[in-house]
2 protein chains.
Amino acid sequence: MLNQDILDKLEKIVGSSRVSWQQVDLVTHSFDATQRQCMPDVVVHPTTTQEVSQIVKLANEEKIPILPRGAGSGFTGGSLPVRGGIVLVLTRMNRIIEIDTDNLVAVVEPGVVTAHLQRKVEQLGLFYPPDPASKDFSTLGGNVAECAGGPRCVKYGVTRDYVMGLTVVTPTGDIIQTGGRAIKNVVGYDLTRLIVGAEGTLGVVTEIILRLIPQPEARKTMLVAFTSIEGAAEGVSTIIRGKVIPTTLEFIDNSALSCIRQAGGDLGLPEHTQAVLIIEVDGASDQLDPQVARIEELLAPLGVLEIRVAATQEESEAIWKVRRAISPSLRQLNPHKFNEDIVVPRSRVPEMIRALEKISAHYNVPIVNFGHAGDGNIHVNVMVNLDEQGMRETVEKVLKEIFETTVALQGSVSGEHGIGTAKQPYIAIELSPETLGTMRAIKKALDPHNIMNPGKIFPELNPESPLPLLENSAV
Amino acid sequence: MLNQDILDKLEKIVGSSRVSWQQVDLVTHSFDATQRQCMPDVVVHPTTTQEVSQIVKLANEEKIPILPRGAGSGFTGGSLPVRGGIVLVLTRMNRIIEIDTDNLVAVVEPGVVTAHLQRKVEQLGLFYPPDPASKDFSTLGGNVAECAGGPRCVKYGVTRDYVMGLTVVTPTGDIIQTGGRAIKNVVGYDLTRLIVGAEGTLGVVTEIILRLIPQPEARKTMLVAFTSIEGAAEGVSTIIRGKVIPTTLEFIDNSALSCIRQAGGDLGLPEHTQAVLIIEVDGASDQLDPQVARIEELLAPLGVLEIRVAATQEESEAIWKVRRAISPSLRQLNPHKFNEDIVVPRSRVPEMIRALEKISAHYNVPIVNFGHAGDGNIHVNVMVNLDEQGMRETVEKVLKEIFETTVALQGSVSGEHGIGTAKQPYIAIELSPETLGTMRAIKKALDPHNIMNPGKIFPELNPESPLPLLENSAV
């Protein structure tokens with residue numbers, strides 16, 4: 001696809017040291033957190049918006065696919081070069097340009113690692129809430145592309161809620177500014193939020209203006225052990241209905257707990273614990289105990305075996321250790337994991353959990369559920385051995401049934417991981433042809449040659465290759 | 001433009017009692033809160049999404065302009081039928097379909113009056129924060145179209161931050177659902193937020209899913225009188241930098257205060273008061289006094305004459321009376337008011353205020369400034385007598401200079417009123433041709449015949465009619 005002339009032009013734009021088509025570099029940039037691999041033709045490391053613009057202009061003229069990429073930690077194949085082309089690695093654009101403590105604003109390049117910014121602003125008493133599990137290596141550009149979430153979204157919202165403005169290189173290579181540093185802005189269409197979550201299909205983000213908030217004075221972690229899954233699931237909407245909005249409200253079911261136990265983890269939980277909620281509240285120091293007391297009062301009727309409230313940072317860490325022990329322990333059940341990040345309205349969590357139990361029993365396939373139940377976002381882990389005969393087909397049926405149930409309960413097939421390639425086969429369960437058609441019309445208007453991260457989100461743009469089932473490994 | 005055949009078809013869709021081309025109905029729907037009038041050809045009152053879809057399909061086939069309209073309380077001409085056509089009055093679609101206390105969600109039709117929903121949810125201990133000054137008559141559909149704001153946005157954000165999903169009739173008459181009831185949703189492009197603030201140019205909103213939050217336990221109002229405008233302006237970012245986020249942070253300059261005095265208002269303020277901040281904090285009852293104390297401490301060095309903290313609801317009302325007295329009193333200065341809702345980063349408010357004083361002195365035109373300074377959103381009122389010779393040209397220069405200064409200070413020409421027709425001449429001061437081009441490409445892709453609220457936002461779509469200066473009368 002790429003002749004020497006194009007490679008020469010790329011070298012002219014960024015210098016030869018930042019262009020590579022050596023096998024080792026192509027392989028390095030051929031995969032993400034899914035188990036799939038697609039080889040690019042060339043890897044380019046731009047360092048400025050101008051360079052990105054020139055590269056995209058070239059790609060647009062030559063009709064070459066172009067793939068913006070950060071850490072490659074996405075779970076749905078969003079950064080896979082499924083049609084080859086140019087991988088545009090943005091990790092060298094990793095400057096924190098400004099932290100404006102007067103206006104509570106940070107200006108960053110897309111390659112900044114999420115946790116790096118968080119640490120920097122916390123030193124100034126400020127707070128950047130979005131906290132995807134991959135925050136120690138994921139980049140803010142990737143967070144913007146996928147509209148990343150995390151456990152703290154119950155109270156603080158998702159990446160979208162913190163993006164005030166962007167510099168974007170459009171699919172035709174133009175450089176545009178969207179939004180800005182002012183808190184209110186109603187001048188023309190909200191391009192900022194159109195780009196957030198568009199999975200890199202509408203342009204390359206080269207600068208991000210982020211809203212910060214004051215750091216909460218203190219936080220408190222509690223773990224609640226329940227006699228039944230039902231009780232814990234009911235607990236989620238009981239808390240919200242009780243008008244307490246915790247920072248974090250994580251759910252862990254009994255199969256996840258037994259995986260941890262089988263992996264040798266000592267949870268110190270009461271014997272008959274069937275499910276656990278991990279709850280964190282934050283705010284002014286003297287507001288934490290009243291919130292904890294209110295939550296205890298709300299949960300009491302739901303079959304509570306134990307409530308553990310962390311008194312120290314170490315005790316809080318011990319509680320979070322339970323949550324973090326889940327993912328590594330799941331392979332106890334079976335070697336292959338299909339993790340889906342469905343989301344339903346909070347009050348439908350109990351129904352969803354019941355439905356998942358039924359699907360698990362019906363197909364005789366273990367399904368482990370845990371995750372950000374406080375916003376209805378459940379990580380559903382279908383654990384299988386794909387070497388078993390017919391298992392691939394079974395998993396396809398199981399996933400389809402899970403997504404259909406989710407949508408029937410007014411939910412969404414992806415709460416924070418996006419569609420990428422992995423969920424293309426299921427997007428039409430949620431979106432009507434007219435809604436998809438509206439999105440496609442926007443894509444076509446802004447990217448007439450379909451060069452910008454092609455083959456993502458829209459199943460119809462990929463008719464020639466029905467996508468294989470993807471196994472992924474979300475945390 | 002509309003022949004009998006089309007009128008017959010409209011009557012067939014909604015029934016003859018809900019279609020009118022009588023002069024009285026046309027006149028009634030020919031203006032909004034600007035001082036401009038444009039006659040439509042026919043007024044239609046649909047009551048269902050299906051009816052709206054059929055009407056839009058007809059308009060699209062016949063290439064007739066179609067104007068969704070709520071209360072017509074907009075300040076920038078967004079609901080003016082500048083090219084005639086069908087005015088689609090949505091005020092009869094005014095049902096609150098559901099208030100879901102489990103998930104803190106309300107589902108409403110677009111004709112619901114903002115304050116009506118607020119009162120309903122407050123009875124349930126819930127809170128819908130956006131509070132445009134027109135909330136007692138503005139509709140939620142209009143709020144969505146313009147992404148309405150209000151004083152409480154400092155802490156709670158704007159309409160966009162509360163819209164979870166929409167039912168939209170696209171410009172080709174398709175019915176689509178965007179977003180949904182789940183808090184997280186990253187399935188395809190964020191059409192919800194593309195429609196919010198698009199001023200009815202991308203479709204007709206026929207149902208709105210709104211996020212609610214628990215009602216704060218209590219609030220407290222304070223008024224701070226300053227010896228200088230500078231001190232009050234500095235106070236705004238001093239408070240935010242001090243990591244206090246009040247609910248409301250309103251600024252009133254000395255010319256506004258003297259207008260109230262001239263109109264006979266007794267403010268009971270210290271004699272040499274040059275500017276005032278009205279500040280409201282909310283939260284748990286026992287968290288109010290600490291916030292008030294912290295604000296007092298932060299403002300003390302800035303030339304404070306008096307701090308009045310309301311101890312009762314009546315005292316709070318008395319403070320807000322000062323704020324509400326401004327608008328009616330401005331005509332003391334001159335008969336004609338040009339109100340612009342510029343917004344700058346909070347820390348630039350003092351510079352902006354200084355620049356406005358200079359512009360006022362240079363052109364010898366009174367400019368009165370007040371408004372939502374807590375988010376940098378200042379209502380700039382240029383008070384003139386248009387009967388004076390050359391005044392129209394002077395105002396044009398003044399406004400242009402105000403907008404250029406705003407953008408130079410990293411601000412935006414509209415914080416909450418939108419572009420409509422009134423700000424078209426100035427949009428290019430803020431947006432580059434490439435950014436405008438991207439927006440136009442989306443408009444063209446979704447509305448190929450340019451029937452949906454044509455002649456709004458984009459100056460280029462209106463080349464034949466350079467727009468007259470609009471006088472408006474914002475609160």
Side-chain angles (χ1 to χ4, degrees), chain A residues 101-104 125 146-147 149 153 158 170 174 176-177 180-191 193-194 196-198 214 237 240-241 243 245 284 287 343-347 375-377 410-416 418-419 427 430-432 434-435 438-439 441-442 444-446 457, chain B residues 101-104 125 146-147 149 153 158 170 174 176-177 180-191 193-194 196-198 214 237 240-241 243 245 284 287 343-347 375-377 410-416 418-419 427 430-432 434-435 438-439 441-442 444-446 457:
Chain A
T101 54
D102 277 357
N103 293 299
L104 309 193
E146 300 295 327
C147 188
C153 303
V158 294
T170 70
D174 287 327
I176 64 170
Q177 318 285 337
R181 287 183 184 222
I183 289 184
K184 291 172 173 175
N185 180 323
V186 288
V187 178
Y189 300 152
D190 190 347
L191 296 180
R193 288 164 192 88
L194 180 64
V196 175
S237 61
I240 305 293
R241 193 171 47 233
K243 307 202 175 69
I245 308 287
Q287 287 305 297
V343 57
V344 292
R346 282 178 289 234
S347 69
D375 36 40
N377 187 197
Q410 301 183 297
S412 179
V413 303
S414 180
E416 47 185 30
I419 299 299
I427 193 170
E430 181 168 341
L431 302 183
S432 71
E434 291 78 13
T435 305
T438 303
M439 293 178 183
I442 293 169
K444 200 168 176 198
L446 301 189
I457 300 179
Chain B
T101 54
D102 277 355
N103 294 298
L104 309 192
E146 301 294 327
C147 188
C153 303
V158 294
T170 70
D174 288 327
I176 63 171
Q177 318 286 335
R181 286 184 185 221
I183 289 183
K184 293 172 171 174
N185 179 323
V186 288
V187 177
Y189 301 152
D190 190 347
L191 297 180
R193 286 163 193 88
L194 180 65
V196 174
S237 62
I240 305 292
R241 193 171 47 234
K243 305 200 175 70
I245 308 287
Q287 288 305 296
V343 57
V344 293
R346 282 179 287 235
S347 69
D375 36 41
N377 187 196
Q410 301 183 296
S412 181
V413 303
S414 180
E416 45 184 31
I419 299 301
I427 192 170
E430 180 168 341
L431 302 183
S432 71
E434 291 78 13
T435 305
T438 303
M439 293 178 184
I442 293 169
K444 200 167 174 198
L446 302 190
I457 301 180

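The figures that follow rest on heavy atoms only: side chains count, while hydrogens, waters and symmetry mates do not. All chains are named by letter (A, B, ...) in the order of the sequence lines, taking the proteins before the strands, and each is independently numbered beginning at 1.
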Do you know which of B/A198, B/P214, B/G149 has the most heavy-atom pairs with chain A at a distance under 4.5 angstrom? B/P214

Assert top hit (heavy-atom pairs under 4.5 Å, partner chain B, pool A/M439, A/E146, A/R241, A/Q410) equals A/M439

Pick whichever of A/I240, A/T170, A/V158 has the most heavy-atom pairs under 4.5 Å with chain B. A/I240

Output the option from B/K444, B/R193, B/E430 having the highest count of non-hydrogen pairs under 4.5 Å with chain A. B/R193

With a 4.5 angstrom heavy-atom cut-off, which part of B/E416 approaches chain A: side chain, backbone, both or neither? both

Of all heavy-atom pairs linking A/N103 and B/P345, the shortest is OD1-C, 3.4 Å

If one checks every heavy atom of B/D375 against chain A at 4.5 Å, the contacting part turns out to be both

Can you tell me which of B/S432, B/G188, B/G197 forms the most heavy-atom pairs within a distance under 4.5 Å of chain A? B/G188

Interface moiety of B/I245 toward chain A, non-hydrogen atoms closer than 4.5 Å: side chain

Return yes if a side-chain donor-acceptor contact under 3.5 Å exists between A/D102 and B/S237, otherwise no. no

With a 4.5 angstrom heavy-atom cut-off, is it the side chain or the backbone of B/E434 that approaches chain A, or both, or neither? both

d(B/R181 CZ, A/S412 OG) to nearest 0.5 Å is 14.0 Å

For a quick test of reading the model, state the closest non-hydrogen atom pair linking A/V343 to B/A182 and the distance between them. CG2-CB, 3.7 Å

Based on non-hydrogen pairs under 4.5 Å, which of B/T101, B/V196, B/V413, B/L191 is most in contact with chain A? B/L191

What's the shortest heavy-atom distance between A/I427 and B/V187, and which atoms? CG1-CG1, 3.7 Å

Of all the heavy-atom pairs spanning A/A441 and B/A445, show the shortest one and how long it is. O-CB, 3.6 Å

Does any heavy atom of chain A fall under 4.5 Å from the side chain of B/V344, the backbone, both, or neither of them? backbone

Can you say whether B/T435 sits under 4.5 Å from chain A via the side chain, the backbone, both, or neither, judging by heavy atoms? both

Spacing of CG belonging to B/L431 relative to CD belonging to A/Q177, to within rounding of 0.5 Å: 10.5 Å

Do you know the tightest heavy-atom contact between A/Q287 and B/A284? OE1-CB, 3.3 Å

dist A/I183:CD1 -> B/R346:CZ (nearest 0.5 Å) comes out at 3.5 Å

Shortest non-hydrogen separation from A/K184 to B/G415 and the atoms involved: CB-O, 3.1 Å

Between CG of A/N185 and OG of B/S414, what distance do you get to the nearest 0.5 Å? 8.0 Å

Applying side chain to side chain contact (heavy atoms under 4.5 Å, CB included) between A/L194 and each of B/I442, B/T438, B/D190, report the one that passes. B/I442

